[in-house]
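The structure appears below as structure tokens.
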Amino acid sequence: MAELNQKISEVLSEVGKFLAMQKEPWKPRAYEKAAETINSLEEDVEDIYKRGGVKALQEIPGVGASIAETIEEYLKTGKVKKLESLEKRTPVNLSELSRVEGLGPQKVKKIYQKLGVTNLAELEKAAKAGKLAKIPGFGKKTEENILRGIGFAKTAGNRSILGHTMPKVRLLEERLRKIKGVEAVLAAGSVRRCKETIGDIDILAIADNPTEIMDAFVKMPEVVNVTAKGGTKASARFSWGMDVDLRVVPRESYGAALMYFTGSKDHNVVLRGLALKKGYTLNEYGLYVFKGGVKGKMVAGKTEEEIYKTLGMQFIPPEMRENTGEVELALQHKIPKLVDYGDLEGDLQVQTSWTDGGNSIEDMAKAAIKQGLKYITITDHTKSLAMTGGLDDKRLLKQTEEIDKLNKKFAGKIKILKGTECDILKDGSLDISDEVLAKLDVVGVSVHSHFRLPQKEQTARVVRAMENPNVDILFHPTGRIIHKREAIDLDMDAVIHAAKRTGTVLEIDAYPDRTDLKDEYIRKCVEAGVKMSIDSDAHLAQHFVFLEYGVSQARRGFAEKTDIINAWPVEKMLGFLKK
DNA sequence: GCCGTTTTCGGCCCGACTGTTTTCAGTCG
């Protein structure tokens, strides 16, 4: 199953990191690349292996004879000797330590050799004691940076990124639905609200035979510890490090339970207050008549819709339930008609093997068709991002020629637009000439360097890029990587104002660890009338599924279809962009 | 270690930035 793919991916990536520590040339890259591919593979590696053995494994891009054998060894024994011997040489928790930004394999090695530091806790202790700064080649600033990195890695805590958790949740739901006598299964909580990070998972079910579903749940192969198991509730810790609660609720209370466990807590508190004012009381079993301190008959509870209705309000989509004004809107029947899953007609940020993507333009087009998209924009990196083999004017033009050819081939199936993810340089200028940019259908720009400029300078830089008449979209506007890198210091009000003034679109990058813009900025855009795009930032053919997380983020930001330009047909979308 | 519109061997992942240096190692994208 998918979880095994991820595990294999982690093992390979770790081998890569250890090899990098030994200063091996090329090999680390090969392992990392294979790890990436396997992590986003749709098919289970185990199935591939069962079907065709090592030979079939080698069909996976980036997997050759050696890595195929490594995978085989892992599938058979659950171990990888190569990794074990590498770990013996330098017994550090490398995957934990390299979560700290600015800390790579070489520094980890030095810190281990000089101070014996093997994990995050020891690293923090050493840094706080000022021991890091004394290591040759290190200094005060390095120590400070590492300390800041540790702080950031720690706030990540046990919360997991929505896009990383969702596939697992779906799998659990699917398994539980298959059990006999199970009528409904749905994950509630922050998963249902699509918060950007998830602390734990709450699954609700209606079942005729609670015992059976409880038993099946705690016996799932990934369960490492069962913390509770009763008649209606079971809790278990899963091997991927998260607690999952399963509750079986009565059929007539399903809606009330869903509401209660979906939250947010603040939303529920307001609803309960409202209920009291209207002569009801609301709990996880239903909405009851409540007069003179006496609880009477249940008037709603089977569905959320009937509860909201009885309270005299519109249904509130789960993504909006954060008590930030949605209750008032629902009472006035002014809940916006949110952009919906499946509304997107195109994707405006797609990388290919011309730079750091893993698939050709053609493969990405095919995958996009499968995803139900009608158009995509190819937006490979530009030359300042040297590591990706970023395109210069000449190669970018060359790419547009290939796109012309492919458009003939794909005519009637999908439209491939010419674009770029052009680097914004330190001064806000771009690294592709205006002349070439003018020839593209969609020009996206983004910050990939100088992340720590002071707010004034950073804002001016980004605004200057938006002022370029060729620039259509600001990609991943704040540059944050959840749990890894803070957002660049932008005056977002100024950026949104500049977007309005210049007609620049702000992107909601749906790549799971980005989801950038955040919900609060999306709301500001909606209020300001600034248009947005929801893009997958796909680097592999399998990545188009990320669009879903962009849509959920947009919904959290109250965005409607009219706010999202790639929910529009291609002509209308292109017509909106700067001329 | 992988891969083949530059090749079954010899290319790939290179330039900029940071922080530490005083000529460069490490990290990032």
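The model shown is predicted, which means the values in this text are computed figures rather than measured ones. Lettering of chains follows the sequences in order, A, B, ..., and the numbering in each one begins at 1.
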Solution key, residues 357-368 of chain A side-chain donor-acceptor pairs under 3.5 Å, sequence neighbours excluded:
residue	atom	partner	partner atom	Å
A:N359	OD1	A:A541	N	3.0
A:S360	OG	A:D363	N	3.1
A:S360	OG	A:D363	OD2	3.4
A:E362	OE2	A:K409	NZ	2.6

So salt bridge (Lys or Arg N to Asp or Glu O under 4.0 Å) across residues 76-98 of chain A, not counting sequence neighbours, yields A:E72-A:K76

Salt bridge (Lys or Arg N to Asp or Glu O under 4.0 Å) partners of residues 423-444 of chain A, not counting sequence neighbours, each pair once:
A:D427-A:R464

Contacts of A:F18 that satisfy ring-ring contact (aromatic ring centres under 6.0 Å, His included) - sequence neighbours left out
none

Taking Watson-Crick and G-U wobble pairs with both distances under 3.5 Å, convert DNA chain B into its dot-bracket string, 5' to 3', dots for unpaired and | for cross-strand pairs.
((((....)))).((((((....))))))

Under 4.0 angstrom, heavy atoms only, what part of the nucleic acid is [X] near: base, sugar-phosphate, or nothing?
X      : result
A:N145 : sugar-phosphate
A:P136 : nothing
A:K33  : nothing
A:S449 : nothing
A:K27  : base
A:K426 : nothing
A:A34  : nothing

Hey, which sits more toward the 5' end of DNA chain B by its nearest nucleotide, A:K82 or A:P28?
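Taking each residue's closest nucleotide, the earlier one in sequence belongs to A:K82.
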
Which sits closer to the 5' end of DNA chain B, A:H381 or A:A30, going by the nucleotide each is nearest to?
A:A30

Whole-Å [atom1] distance, [N] and [M]:
N      : M      : atom1 : answer
B:dT20 : B:dT27 : P     : 13 Å
B:dG15 : B:dT8  : P     : 27 Å
B:dC13 : B:dT22 : C1'   : 28 Å
B:dC2  : B:dC17 : P     : 34 Å
B:dT21 : B:dC14 : C1'   : 22 Å
B:dC12 : B:dT6  : P     : 12 Å

For [X], enumerate each residue passing the side-chain contact (heavy atoms from CB on, under 4.5 Å) test, keeping only those at least two apart in sequence or located in another chain.
X      : result
A:E144 : A:K140
A:A494 : A:T459, A:D491
A:H497 : none
A:E32  : A:S13, A:K17

Using the six-membered ring wherever Trp is involved, compare the ring planes of A:H543 and A:F546 and label them parallel, tilted or perpendicular (cut-offs 30° and 60°).
parallel

Covered region of DNA chain B, 5' end to 3' end, by chain A [heavy atoms, under 4.0 Å]
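Range of nucleotides touched by chain A: B:dG1 to B:dG29.
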
Please list residues of residues 125-132 of chain A whose heavy atoms come under 4.0 Å from any atom in DNA chain B, ordered by number; otherwise none.
none

For residues 373-393 of chain A, which residue pairs pass the ring pair (Phe, Tyr, Trp, His ring centres under 6.0 Å) check, not counting sequence neighbours?
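Qualifying pairs, neighbours excluded: A:H381-A:H448.
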
Does a side-chain heavy-atom distance below 4.5 Å link A:V495 with A:L474?
yes

State, with a plain yes or no, whether a side-chain heavy atom of A:E345 is found less than 4.5 Å away from one of A:L373.
no

